Amino acid sequence: MADLIESAENGIVTLTLNRPERLNALSPEMTAALKEALERLSTDRDCGAIVITGAGRGWCAGGDVKTMEARGREQTFEDRAEGLRRAHQLPLLLRTMPKVVIASINGPVAGAGLGLALACDLRIAGKSARFGTAFARIGYSGDYGGSWSLTRLVGTAKARELYFTADIIDADEAGRLGIVNKVVPDDALREETTAMARRIADGPRVALGYMKRNLLAAETEPFQTVLELEAAHQARCAFTEDHKEAVAAFNEKRRPVFKGR
């Protein structure tokens, strides 16, 4: 059975992490398939939004602890560092690809899985979701960009606390801290995620892609650089059919119908 399942419906692509017996811990097959899918979907004009969810009762438990000892014996330091650099293309893709990615968090998420979730644009969690950095529990320092993302979401003091203690927090606490955008009952998670993905997929896709670039720059670049990007991106959007349709719809007092171009 494939470690990643892909399905599409009317502009929404769902990627399901599929190792339920291991709480969807990452495997080489899963990360390779996820990277291939994200790279392909980045330029897929039929894709308006991406949802990442987990099979079974977990979202992603991070690295597979059961295989860590064997991998450690087989690899040199240089090999391990290069492998992580390659793996880190996943959170980088999530951050930089022009599609909006929603993490539909249906259960425990930890370690590298938390890094993946935090690299998504939006996070909707079911009540049973649990969140932990986990690295201190296994003598690791952290990967998948989690230290960068968590610091920006919750601030330096709380990010340090969550890394140093590896405490597990529930969905409501994650919502209070701003780690997730919304917490919903478990049985409503799919419906709520689909509703959000539908709004995104039906939106002005070109403009949304440029918004994502602006917002990433806002986290990493000085104000003047962001102003320059906003000027160029806004000018580009002015030439889209979606912008012209939105203006016409406003004047005609109706809802716009966007085409993604």
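Source: prediction; values computed, not measured.
At least one side-chain heavy atom of Leu118 sits under 4.5 Å from a side-chain heavy atom of Arg123. Residues Thr133 and Leu150 are in side-chain contact: their nearest non-hydrogen atoms beyond the backbone lie under 4.5 Å apart.
For the pair Thr31 (side chain) and Ser27 (backbone), a donor-acceptor distance under 3.5 Å is present. Under the 3.5 Å distance criterion, the side-chain polar atoms of Trp59 are matched with a main-chain donor or acceptor of Ile52. Between the His88 side chain and the Tyr144 main chain, a donor and an acceptor come within less than 3.5 Å of each other. The backbone N or O of Thr53 lies less than 3.5 Å from no partner atom in the side chain of Ser104, so there is not a single donor-acceptor pair. Put simply, the side chain of Asp3 never gets that close to the backbone of Glu29: no donor and acceptor are under 3.5 Å apart. In this structure, the side chain of Arg19 engages the main chain of Ala25 through a donor-acceptor pair within 3.5 Å. In this structure, the side chain of Arg213 does not engage the main chain of Leu229 through any donor-acceptor pair within 3.5 Å. Between the side chain of Arg199 and the backbone N or O of Ala195, no donor-acceptor pair lies under 3.5 Å. Remark: side-chain polar atoms of Thr16 are not paired, donor with acceptor, to backbone N or O of Asn18 under 3.5 angstrom. Checked by atom type and distance alone, the side chain of Tyr163 pairs as donor or acceptor with a backbone atom of Ser147 at under 3.5 Å.
Between atom CZ of residue Phe131 and atom CD1 of residue Ile168 there is a gap of 10.5 Å, rounded to the nearest 0.5 Å. Expressed to the nearest 0.5 Å, how far CZ of Arg130 lies from NZ of Lys127 amounts to 9.5 Å. Atom CD1 in Ile12 sits 10.0 Å away from atom CD1 in Ile200 (nearest 0.5 Å). Between atom CG of residue Leu93 and atom NZ of residue Lys99 there is a gap of 13.5 Å, rounded to the nearest 0.5 Å. Distance check, rounded to the nearest 0.5 Å: OG1 of Thr225 to CG of Leu227 gives 8.5 Å. One distance of note links CG of Leu38 with CG of Leu15; it measures 6.0 Å at 0.5 Å rounding.
Considering all non-hydrogen atoms of both residues, Asn24 and Ala55 come closest at ND2-O, 2.9 Å. Considering all non-hydrogen atoms of both residues, Leu41 and Glu6 come closest at CD2-OE2, 4.2 Å. Of all the heavy atoms in Val154 and Ala159, the pair that sits closest is CG2-N, 3.6 Å. The shortest non-hydrogen separation linking Val184 to Leu189 is CG2-CA, 3.7 Å. Between Cys60 and Gly113 the shortest heavy-atom distance is SG-CA, 3.6 Å. Taking each heavy atom of Ala171 and Ala125 in turn, the nearest pair found is CB-CB, 4.4 Å.
The pair Arg57-Glu21 does not meet the salt-bridge criterion, since no charged nitrogen lies less than 4.0 angstrom from a carboxylate oxygen. A salt bridge does not link Lys259 to Glu245: none of the charged nitrogens lies less than 4.0 Å from a carboxylate oxygen. Between Arg95 and Glu219 a salt bridge is recorded (basic side-chain N to carboxylate O distance below 4.0 Å). Checked for salt-bridge contact, Asp121 and Lys212 meet the test: a charged N lies under 4.0 Å from a carboxylate O. The residues Asp44 and Arg40 are annotated as not salt-bridged, no charged nitrogen and carboxylate oxygen being separated by less than 4.0 angstrom. Using a 4.0 Å cut-off between charged side-chain N and carboxylate O, Glu173 and Arg176 make a salt bridge.
Environment of CZ in Arg86: sparse, with no more than 12 heavy atoms of neighbouring residues, nucleotides or ligands closer than 6.0 Å. More than 12 heavy atoms of other shown residues, nucleotides or ligands fall within 6.0 angstrom of atom CZ in Arg254. Other residues, nucleotides and ligands contribute at most 12 non-hydrogen atoms within 6.0 Å of the CZ atom of Arg190. More than 12 heavy atoms of other shown residues, nucleotides or ligands fall within 6.0 angstrom of atom CD in Gln89. Counting non-hydrogen atoms of other residues, nucleotides and ligands closer than 6.0 Å to CD of Glu191 gives a total of 12 or fewer.
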Kindly indicate, with the supporting measurements, whether the criterion side-chain contact (heavy atoms from CB on, under 4.5 Å) is fulfilled by Arg205 and Phe258. CA-CA 8 Å; Arg205 298 179 185 180; Phe258 295 120; over 6 Å; no

Worked check of side-chain contact (heavy atoms from CB on, under 4.5 Å) between Leu116 and Leu26: CA-CA 11 Å; Leu116 280 180; Leu26 298 170; 4.0 Å; yes

Before you tell me yes or no, could you show the steps for Lys244 and Glu241 under salt bridge (Lys or Arg N to Asp or Glu O under 4.0 Å), namely the whole-Å CA-CA distance, both residues' side-chain angles and the distance that decides it to 0.1 Å? CA-CA 5 Å; Lys244 295 170 185 175; Glu241 292 181 26; over 6 Å; no

Derivation and outcome, side-chain contact (heavy atoms from CB on, under 4.5 Å), residues Lys158 and Thr151: CA-CA 8 Å; Lys158 193 64 180 181; Thr151 296; over 6 Å; no

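Both Leu34 and Met97 belong to a common hydrophobic cluster when Ile, Leu, Val, Met, Phe, Trp and Tyr are linked at side-chain heavy-atom distances under 4.5 angstrom. Transitive grouping of hydrophobic side chains (ILVMFWY, heavy atoms separated by less than 4.5 Å) keeps Ile124 and Ile169 in distinct clusters. Grouping the Ile, Leu, Val, Met, Phe, Trp and Tyr side chains by contacts below 4.5 angstrom, directly or via other members, places Ile179 apart from Leu215. No chain of hydrophobic side-chain contacts below 4.5 Å, direct or via other Ile, Leu, Val, Met, Phe, Trp or Tyr residues, connects Leu23 to Phe135. Hydrophobic clustering, with ILVMFWY side chains joined whenever heavy atoms are under 4.5 angstrom apart, keeps Val206 apart from Val13.
Residues that satisfy the side-chain hydrogen bond (donor to acceptor under 3.5 Å, both in side chains) test with Asp186, not counting sequence neighbours, are Ser128.
No hydrogens or angles considered: a donor-acceptor pair under 3.5 Å links the side chains of Asn214 and His233. Counted by atom type alone, Thr240 and Asp242 present zero donor-acceptor pairs between their side chains at under 3.5 Å.
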